[in-house]
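Written out below as structure tokens is the structure these notes cover.
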Amino acid sequence: MADLRTTVAGISFRNPLWLASGIWGESGNSLKGAWDAGAGGVVTKSIGSEPRMGYPNPTIETYDNWGMLNAMGLPNPGIDEYPQEIGVARDAGATVIGSVFGADADEFARLGERMAATGVVALELNLSCPHAKGLGSEIGQDPDQVREVVSAVKRAVRVPVIAKLTPNHYDVPLLAEAAEKAGADAISAINTVRAMAIDARLRRPVLAHGSGGLSGPAIKPVGLACVWQIFERVKIPIVGMGGIETADDVIEYLLAGARAVQVGTAVAFEGVGVFRRLGEELTRRLDALHVVQVADLVGAAHGAPAAP
Amino acid sequence: MADLRTTVAGISFRNPLWLASGIWGESGNSLKGAWDAGAGGVVTKSIGSEPRMGYPNPTIETYDNWGMLNAMGLPNPGIDEYPQEIGVARDAGATVIGSVFGADADEFARLGERMAATGVVALELNLSCPHAKGLGSEIGQDPDQVREVVSAVKRAVRVPVIAKLTPNHYDVPLLAEAAEKAGADAISAINTVRAMAIDARLRRPVLAHGSGGLSGPAIKPVGLACVWQIFERVKIPIVGMGGIETADDVIEYLLAGARAVQVGTAVAFEGVGVFRRLGEELTRRLDALHVVQVADLVGAAHGAPAAP
Amino acid sequence: MRTITEVSERIVETPSTVTLRFRYTPAASPGQFVMIWLPGDDELPMSLSYTGEPKGVTIKAMGATTRAALSVQKGDLVGIRGPYGNHFDLTPRRILLVGGGSGTAVLAPAAEAAARAGSTVVAALGATTAAELLFVDRARAFSNRVEVATDDGTQGHHGYVTDVSQRLLREDSFDAVWTCGPEIMMRKVIAASEARHVPVYCSMERQMKCALGMCDACALGPYHVCSDGPVFPAERLTPLPEFGRTKRDSSGRRVPL
Amino acid sequence: MRTITEVSERIVETPSTVTLRFRYTPAASPGQFVMIWLPGDDELPMSLSYTGEPKGVTIKAMGATTRAALSVQKGDLVGIRGPYGNHFDLTPRRILLVGGGSGTAVLAPAAEAAARAGSTVVAALGATTAAELLFVDRARAFSNRVEVATDDGTQGHHGYVTDVSQRLLREDSFDAVWTCGPEIMMRKVIAASEARHVPVYCSMERQMKCALGMCDACALGPYHVCSDGPVFPAERLTPLPEFGRTKRDSSGRRVPL
Ligand SMILES: Cc1cc2nc3c(=O)[nH]c(=O)nc-3n(C[C@H](O)[C@H](O)[C@H](O)COP(=O)(O)OP(=O)(O)OC[C@H]3O[C@@H](n4cnc5c(N)ncnc54)[C@H](O)[C@@H]3O)c2cc1C
Ligand SMILES: Cc1cc2nc3c(=O)[nH]c(=O)nc-3n(C[C@H](O)[C@H](O)[C@H](O)COP(=O)(O)OP(=O)(O)OC[C@H]3O[C@@H](n4cnc5c(N)ncnc54)[C@H](O)[C@@H]3O)c2cc1C
Ligand SMILES: Cc1cc2nc3c(=O)[nH]c(=O)nc-3n(C[C@H](O)[C@H](O)[C@H](O)COP(=O)(O)O)c2cc1C
Ligand SMILES: Cc1cc2nc3c(=O)[nH]c(=O)nc-3n(C[C@H](O)[C@H](O)[C@H](O)COP(=O)(O)O)c2cc1C
Ligand code: FES
Ligand code: FES
């Protein structure tokens with residue numbers, strides 16, 4: 001039976017299927033729930049310095065079974081309150097990755113330090129929320145600021161640092177290179193794609209915030225392109241995501257260059273049972289393809305162009 | 001009955017539903033066919049200085065009914081041969097917009113001049129193909145180069161110039177502003193979203209070119225966000241596109257700020273009859289909403305945020 | 001995917017409560033809720049107080065948005081998505097209903113359906129004052145025993161509805177108790193029912209954003225009220241330290257109820 | 001959406017032609033084609049020479065890619081999408097088949113189906129030389145009159161298959177002619193049939209990229225071969241200046257056939 005274990009930045013995960021940030025990650029009980037349901041790692045909601053209410057509703061729009069738009073606005077209880085939530089998840093034995101967002105390198109560093117102190121195995125820096133002015137997205141689109149933020153956090157913590165990138169850029173690997181140069185231990189990609197819903201009859205945007213971020217199956221081709229291109233330009237490991245729903249989706253991300261993946265929207269469409277199903281499906285599929293371990297697939301589609 | 005006519009950059013169109021570039025636009029007979037089928041304007045395939053074979057097959061991947069990935073690689077017969085094709089469409093009375101792509105401002109200007117000489121009502125500059133190195137996409141992501149190209153073309157021609165933008169940028173309106181400053185008469189958006197398909201079993205990219213561009217319903221939320229944001233930052237008219245399949249989709253683009261729209265992938269999913277159906281549906285829908293003319297909807301959702 | 005639909009009827013139920021009826025065709029079971037968007041304002045979770053066509057929600061003014069909802073008029077457009085969540089088990093038996101304030105909104109259609117399916121329903125309904133009593137007439141149609149309580153004694157028992165339900169539990173025998181209202185009230189209902197070994201089902205309320213079991217806004221212990229609830233058997237709630245004590249605000253912080 | 005499927009059988013039909021069979025379950029009618037992807041190489045349009053399970057295509061080496069296709073072995077994986085395009089009308093009647101070279105590949109399953117449905121089929125099949133004659137035995141199973149022609153006279157009539165079909169049109173009466181082969185051949189078939197007022201249906205070939213009626217690669221006059229064809233009644237083709245004379249290359253330029 002195929003071995004689902006994977007290693008990212010020296011940390012070993014029981015399987016490559018992580019809970020994505022912002023899904024089930026505001027409360028410790030939910031992190032624990034996703035872990036108990038079979039996730040290989042659980043990423044917390046992105047946490048800031050202060051409690052943040054997020055945007056008013058509507059915060060969500062769904063598109064049949066192929067996509068979802070959200071502008072939650074980074075609601076989170078703030079770093080003062082949050083450690084107790086992580087405590088619940090850690091007590092349950094979960095491998096927790098702590099996500100943080102901030103307005104500048106200093107804030108990221110301070111938050112990173114406090115998050116690291118909760119005992120998370122790694123930090124994920126949200127450099128990529130497409131709908132929160134001044135909180136990550138502007139930083140995340142500028143290679144210089146990416147470098148500054150990552151450097152500052154690296155100086156402040158000893159746990160591995162994962163830089164989470166936006167797809168809303170003409171050259172995503174450029175951002176990955178900046179993160180790598182600054183010492184990032186891994187890249188995760190992608191956050192949601194900038195998007196919007198308008199109601200024809202009401203003549204207004206649907207989301208209270210106006211624009212939001214697209215997630216789900218519709219962005220899988222976008223995520224794959226980003227991971228592929230990042231893999232060609234950096235050496236540090238990649239955690240891929242965007243639209244994962246099936247074992248083949250996972251395999252495609254691995255082939256593009258990811259060492260692990262995150263699952264977000266599928267939790268809404270299917271429930272947290274998605275982790276168990278994906279794990280089982282992945283084992284069966286790897287066995288059928290005679291793949292012994294996840295690592296054997298990482299980046300394996302590179303160098304095999306579709307035409308001569 | 002609602003009046004479907006619309007005006008873009010001083011040119012009047014019998015309806016706001018244009019055939020998008022790259023769909024049915026390589027041959028004059030097809031341009032004529034789309035016009036006869038009810039399109040309000042027809043945009044040619046993007047034409048370059050030399051004949052170009054494009055990429056080998058596979059050039060296409062489809063996703064259920066919500067999206068399509070392509071890397072055609074800008075095949076086109078070249079500007080020497082192409083005028084005869086436009087002749088066929090013009091003889092049929094079609095309102096033709098000529099699309100061109102080039103490697104630098106000079107080439108764009110020379111091509112623009114020759115395309116304008118064929119009698120097209122306007123030029124569309126393809127500054128945005130996501131999968132053709134050196135041909136539009138690099139130019140189209142750099143505001144300075146956008147300005148140069150548009151200025152050069154404006155000096156060379158008297159017909160209105162439409163700058164077609166990519167969504168693969170952190171600040172699409174910045175590109176629109178550059179085009180506007182350089183004298184562009186209109187903006188069109190969006191071209192396809194950079195994306196990729198990988199086959200899990202074959203361990204290779206599906207498209208011969210590797211990456212490609214996503215189109216169809218999946219990118220409608222992305223196109224709406226771009227048009228909305230461009231509308232807030234420039235005064236020149238906008239032609240919106242990305243995933244249009246229904247009259248409501250058209251209305252949403254109008255509300256976001258478009259004065260006309262283009263339809264691409266829906267021609268593959270439904271056939272060219274999509275133009276007649278959309279025209280009829282749009283008329284009925286506007287009547288039901290008591291909208292007298294298309295112009296009344298343009299940008300009408302701005303200033304009506306979903307929450308206070 | 002929201003459906004934009006017209007309010008086809010607006011019924012003032014009490015000084016602080018209105019019912020909005022609207023056409024919304026997806027099938028729904030009593031206990032389920034919808035997200036109702038008041039365009040230009042918030043989107044709120046509301047139990048369906050009418051699960052057949054036209055569907056309906058019954059809204060009590062609690063804060064800014066629900067107050068705004070009271071001014072929605074017939075013909076206005078609202079956005080509906082759902083229905084979401086689980087529902088009451090309608091197997092025929094003897095059911096005691098304990099509704100506090102707007103909590104009666106979700107119990108009424110469930111009791112109606114249960115009665116139609118052969119259940120015997122006894123209802124205890126409470127409110128601050130007589131004018132605020134909700135759906136008493138509606139309850140009389142599905143139940144031949146409806147008892148009310150008001151905090152100020154203007155109608156029925158002078159005091160809490162839990163006094164009434166406690167008495168009913170003593171006087172009569174039931175197979176199940178269905179309750180919705182302030183959590184402190186539901187805690188009391190549970191305590192009294194457990195003493196008599198009657199299983200209790202509570203319809204819970206928490207802040208909601210996605211209603212899809214994703215955003216964690218409605219986290220309640222290990223559950224998400226939107227997807228694991230809103231109807232919970234009491235034995236799932238009583239072990240939770242937050243039940244009747246804390247909820248989470250929009251930021252996810254725990255705050256007192 | 002492509003289906004990746006294994007080649008379950010590989011049959012060498014002639015020195016330059018092989019048939020590949022594979023499991024591909026979507027329903028198909030004779031005349032339709034698929035896009036077959038040889039991973040690591042090109043993707044090509046190929047008519048289904050077998051429309052039932054396992055489906056099959058019959059490929060003649062023409063250029064680089066089709067030569068590569070000849071080396072595909074049993075067990076190799078190929079990508080299939082489709083079927084695309086229209087198909088032959090299988091209403092029972094008297095049908096004359098005129099196949100040139102690999103053109104017989106698309107006619108064979110159509111004639112089989114027509115014969116099964118009650119048609120009488122007479123077949124005229126041509127090739128450069130005896131060894132290159134395709135599906136002659138298969139034709140004998142659905143037709144009791146199969147005549148062949150070879151350019152070099154190694155089998156049957158020494159000369160063009162159109163000589164044979166012209167004679168058959170004179171000797172016999174037909175309700176329809178189905179033809180596939182070089183366009184110059186099909187032009188001759190049309191001329192002879194029109195003289196006798198027999199409607200002709202031609203299966204056309206053009207460069208294909210999308211196969212979805214979108215990219216214009218297969219534009220033929222006002223038609224797209226992939227979505228309006230590949231089967232066209234002759235009266236749609238004869239008015240076209242390009243029919244039998246020019247095609248478009250990958251860039252869309254008109255080039256001589
Ligand atoms: C599944 C579900 C079904 C519901 N069904 C109904 C219904 O049928 N009828 C109805 O009137 N209401 C119902 N509600 C509650 C309703 O959604 C809230 O009362 C409403 O969100 C309050 O909004 P507001 O902005 O007016 O009040 P706010 O300004 O947010 O708050 C007003 C006051 O109410 C309190 N409050 C707000 N929300 C809640 C809550 N969820 N639970 C407890 N106290 C709260 C606040 O703390 C404050 O004291 C339901 C809620 C859920 C989750
Ligand atoms: C709908 C359809 C169904 C087809 N069915 C079959 C089939 O069942 N069996 C089969 O063997 N082939 C079939 N073909 C043709 C096959 O797709 C082409 O022969 C093939 O694309 C040639 O590829 P190549 O790269 O090997 O040749 P190239 O290197 O592209 O060309 C080799 C030679 O063939 C000529 N040629 C290439 N393509 C065509 C064409 N489409 N029409 C005419 N001449 C051409 C070239 O000009 C050149 O002389 C079909 C084509 C279409 C459009
Ligand atoms: C409701 C919602 C909330 C999210 N919140 C966050 C967040 O707080 N921090 C973050 O880095 N990403 C956040 N994301 C992005 C996801 O982590 C993920 O990158 C994205 O949704 C793509 O994966 P998916 O298609 O599997 O959902 C959020 C996504 C959704 C749908
Ligand atoms: C097959 C295909 C070819 C295209 N070729 C071009 C092109 O040559 N020039 C161009 O500006 N856009 C081209 N596009 C982009 C479309 O014009 C359009 O911007 C995009 O597809 C979004 O619209 P849609 O979702 O309606 O297809 C092409 C799109 C497709 C699907
Ligand atoms: S409201 Fe989002 S998880 Fe329940
Ligand atoms: S192959 Fe693209 S239109 Fe026919």
Side-chain angles (χ1 to χ4, degrees), chain A residues 55-58 61 63-64 66-67 69 137-138 140-142 166-171 193-212 214 217-219 221-222 224-226 228-229 247-249 251-253 255-256 285 289 297 300-301 304-308, chain B residues 55-58 61 63-64 66-67 69 137-138 140-142 166-171 193-212 214 217-219 221-222 224-226 228-229 247-249 251-253 255-256 285 289 297 300-301 304-308:
Chain A
Y55 301 130
N57 282 344
E61 173 72 319
Y63 300 97
D64 294 336
W66 55 259
L69 181 68
S137 65
E138 279 82 2
Q141 73 205 22
D142 176 357
T166 177
N168 302 308
H169 195 280
Y170 56 84
D171 190 2
V193 176
R194 184 189 48 235
M196 189 170 189
I198 294 174
D199 189 86
R201 193 155 165 207
L202 299 173
R203 302 197 185 183
R204 59 168 76 245
V206 173
L207 301 187
H209 179 61
S211 66
L214 190 65
I219 70 165
V222 179
L224 285 175
C226 287
W228 179 278
Q229 289 166 355
D248 271 13
D249 295 338
I251 293 174
E252 289 163 31
Y253 270 100
L255 291 170
R285 192 76 172 124
L289 297 172
L297 289 177
Chain B
Y55 300 130
N57 281 345
E61 173 71 318
Y63 300 98
D64 293 336
W66 55 259
L69 181 68
S137 65
E138 279 81 2
Q141 72 205 23
D142 176 357
T166 177
N168 303 309
H169 196 279
Y170 55 83
D171 190 2
V193 176
R194 184 188 47 237
M196 190 170 190
I198 294 174
D199 189 86
R201 194 154 164 207
L202 299 174
R203 300 197 188 184
R204 57 169 75 246
V206 173
L207 300 186
H209 179 62
S211 67
L214 190 65
I219 70 165
V222 180
L224 285 174
C226 287
W228 178 278
Q229 287 167 355
D248 272 12
D249 295 339
I251 293 173
E252 288 162 31
Y253 271 100
L255 290 170
R285 191 77 172 124
L289 297 172
L297 290 177

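Chain letters run A, B, ... following the sequence lines, proteins first and then strands; every chain starts at 1. Just so you know, these numbers use all the heavy atoms, side chains as well, and skip hydrogens, waters and symmetry mates. Owing to the predicted nature of the structure, the values given are computational and were not obtained by experimental measurement.
Neither the backbone nor the side chain of A:Glu61 comes within contact range of chain B; no heavy atoms are under 4.5 Å apart. With a 4.5 Å cut-off on non-hydrogen atoms, A:Asp249 does not touch chain B at all. At a 4.5 Å heavy-atom cutoff, the contact between A:Leu297 and chain B is made by side-chain atoms alone. Using a 4.5 Å cut-off between heavy atoms, B:Asp199 contacts chain A through its backbone alone, with no side-chain atom that close. For A:Pro217, the parts sitting under 4.5 Å from any heavy atom of chain B are the backbone and the side chain alike.
You'll find the side chain of A:Leu214 reaches within 4.5 Å of the side chain of A:Tyr63, heavy atoms only. Contact of the B:Tyr55 side chain with the B:Leu207 side chain is not registered, since no non-hydrogen atoms from C-beta on lie closer than 4.5 Å.
For the set B:Ala197, B:Ala200, B:Ala256, the entry with the most heavy-atom pairs within less than 4.5 Å of chain A is B:Ala200. Heavy-atom pairs under 4.5 Å with chain A peak, among B:Pro167, B:Gly67, B:Ala225, B:Ala247, at B:Ala225. The candidate with the highest count of non-hydrogen atom pairs below 4.5 Å against chain B, out of A:Leu289, A:Val222, A:Ile251, is A:Val222.
Note that CD of A:Gln229 is 11.0 Å distant from CG of A:Leu224, once rounded to the nearest 0.5 Å. To the nearest 0.5 angstrom, B:Ile198 atom CD1 is 5.5 Å from A:Trp228 atom CH2. Note that the CG atom of A:Asn168 and the CD atom of A:Gln141 stand 9.0 Å from one another [nearest 0.5 Å].
Listed for the A:Arg194 side chain is a donor-acceptor partner under 3.5 Å among the backbone atoms of B:His169.
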